[in-house]
Amino acid sequence: YVVRFSVRLRGYIRAALSNEVRGEMTDPGALQKGMQACCARQQVMFKMLDFWADHALTSGDKTNASIVLMHQAFLFRHTPSSEMSLTMASTLLVAQVFIRTNCRFEGTTGPGDGPLHIPESEVFALFQTHRTSLINWLTQNAVAANECMEALKRVSSLSGHR
């Protein structure tokens, strides 16, 4: 729940900063501070989720690994494609492949429904939003793309972590 709330808050702040939110104008300085706080909080959450993913993967728990990897990828929901990095690319790629391989979607749409505790429509939207930029980034960064593929191999075979 905390991860999803933080991601939605970051999305709202990003929209407010780009004047996509109707209503009262909010102080841009306060919004910038809020965005910095969200980013810092999400970095801490990412590290925590990385630890949990490691534990689930080393113990062979594919169900919990899928949930944790999805929440890790979900942290990048409102990250602009221009900020694509090795961490973001490998997280999105590993999560997408691992989840598609080990998780059965049931057509649920409500919050907390489904096997990943994130609405399936948001799972789809996340991967669809970053699909083109991920492909472009992997094409332009051959060495980093190789690292992403190695991480994907390790996680998919349960022989290591991202």
Side-chain angles (χ1 to χ4, degrees), residues 1-18 20-22 35 38-39 41-57 60-141 144-158 161-162:
Y1 175 77
V2 174
V3 170
R4 293 189 309 260
F5 174 76
S6 178
V7 168
R8 288 188 180 100
L9 179 61
R10 183 177 181 188
Y12 177 80
I13 292 172
R14 184 172 300 284
L17 283 170
S18 62
E20 296 174 14
V21 176
R22 294 181 185 181
M35 181 62 81
C38 279
C39 290
R41 186 178 349 8
Q42 287 185 357
Q43 287 176 351
V44 171
M45 283 188 265
F46 186 86
K47 290 177 184 175
M48 177 187 67
L49 290 169
D50 215 23
F51 174 80
W52 290 351
D54 237 6
H55 179 71
L57 290 166
D61 185 357
K62 292 181 180 181
T63 301
N64 282 325
S66 295
I67 293 168
V68 173
L69 289 171
M70 184 60 233
H71 279 77
Q72 229 177 356
F74 196 64
L75 287 173
F76 295 108
R77 174 76 170 100
H78 296 290
T79 303
S81 299
S82 60
E83 295 179 18
M84 184 70 68
S85 64
L86 175 60
T87 300
M88 183 175 171
S90 66
T91 301
L92 291 170
L93 190 62
V94 165
Q96 185 172 11
V97 172
F98 191 85
I99 289 164
R100 300 266 306 168
T101 306
N102 296 295
C103 194
R104 183 170 178 261
F105 291 97
E106 301 162 352
T108 57
T109 57
D113 291 346
L116 301 173
H117 305 288
I118 292 177
E120 291 175 12
S121 58
E122 288 195 40
V123 171
F124 176 77
L126 167 70
F127 293 127
Q128 195 62 18
T129 299
H130 291 297
R131 183 183 69 169
T132 303
S133 59
L134 179 60
I135 292 169
N136 291 339
W137 188 88
L138 291 169
T139 303
Q140 295 167 1
N141 299 282
N146 187 41
E147 289 181 44
C148 288
M149 296 304 159
E150 288 297 323
L152 180 58
K153 183 178 80 173
R154 283 190 305 272
V155 171
S156 296
S157 65
L158 299 176
H161 63 282
R162 190 186 50 76

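For reference, positions follow the sequence shown, starting with 1.
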Under 3.5 Å, which donor-acceptor pairs link side chains of residues 41-49 to any protein atom two or more places apart or in another chain?
{"residue": "Arg41", "atom": "NH1", "partner": "Ala37", "partner atom": "O", "Å": "3.3"}
{"residue": "Gln42", "atom": "OE1", "partner": "Arg10", "partner atom": "NH1", "Å": "3.0"}
{"residue": "Gln42", "atom": "NE2", "partner": "Ser6", "partner atom": "O", "Å": "3.4"}
{"residue": "Gln42", "atom": "NE2", "partner": "Ser6", "partner atom": "OG", "Å": "3.3"}

Can you give me every donor-acceptor pair (side chain of residues 130-138, partner residue at least two apart or in another chain, under 3.5 Å) with its distance?
{"residue": "His130", "atom": "NE2", "partner": "Phe76", "partner atom": "O", "Å": "2.9"}
{"residue": "Ser133", "atom": "OG", "partner": "Ser81", "partner atom": "OG", "Å": "3.1"}
{"residue": "Ser133", "atom": "OG", "partner": "His130", "partner atom": "O", "Å": "3.1"}
{"residue": "Asn136", "atom": "ND2", "partner": "Thr132", "partner atom": "O", "Å": "3.3"}

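With a 4.5 Å cut-off on side-chain heavy atoms, Arg154 and Val94 do not count as touching. Looking at Leu75 and His71, their side chains never come closer than 4.5 Å, going by heavy atoms from C-beta outward.
Rounding to the nearest 0.5 angstrom, the gap separating the OG1 atom in Thr129 from the CZ atom in Phe124 is 9.0 Å. How far CD of Gln96 is from CG of Leu69: 12.5 Å, rounded to the nearest 0.5 Å. Here the straight-line distance linking atom NZ of Lys62 with atom CG of Asn102 works out to 4.5 Å at 0.5 Å rounding. Between the OG1 atom of Thr91 and the CE atom of Met70 there is a distance of 11.0 Å, given to the nearest 0.5 Å. Once rounded to the nearest 0.5 Å, the distance linking OG1 of Thr79 with CE of Met88 reads 5.0 Å.
Across all non-hydrogen atoms, the minimal contact from Ala95 to Ala73 is CB-CB, 3.7 Å.
A search for side-chain contact (heavy atoms from CB on, under 4.5 Å) contacts involving Ala65 returns Ala56, Leu57, Phe98, not counting sequence neighbours. Looking at residues two or more places apart in sequence or on another chain, you find a side-chain contact (heavy atoms from CB on, under 4.5 Å) between Asn146 and Glu150. Considering only residues two or more places apart in sequence or on other chains, Ser156 meets the side-chain contact (heavy atoms from CB on, under 4.5 Å) condition with Val97, Leu152. In this structure Thr101 satisfies the side-chain hydrogen bond (donor to acceptor under 3.5 Å, both in side chains) test with no other residue, sequence neighbours excluded. Every residue was checked against the side-chain hydrogen bond (donor to acceptor under 3.5 Å, both in side chains) condition with Asn141, not counting sequence neighbours, and none meets it.
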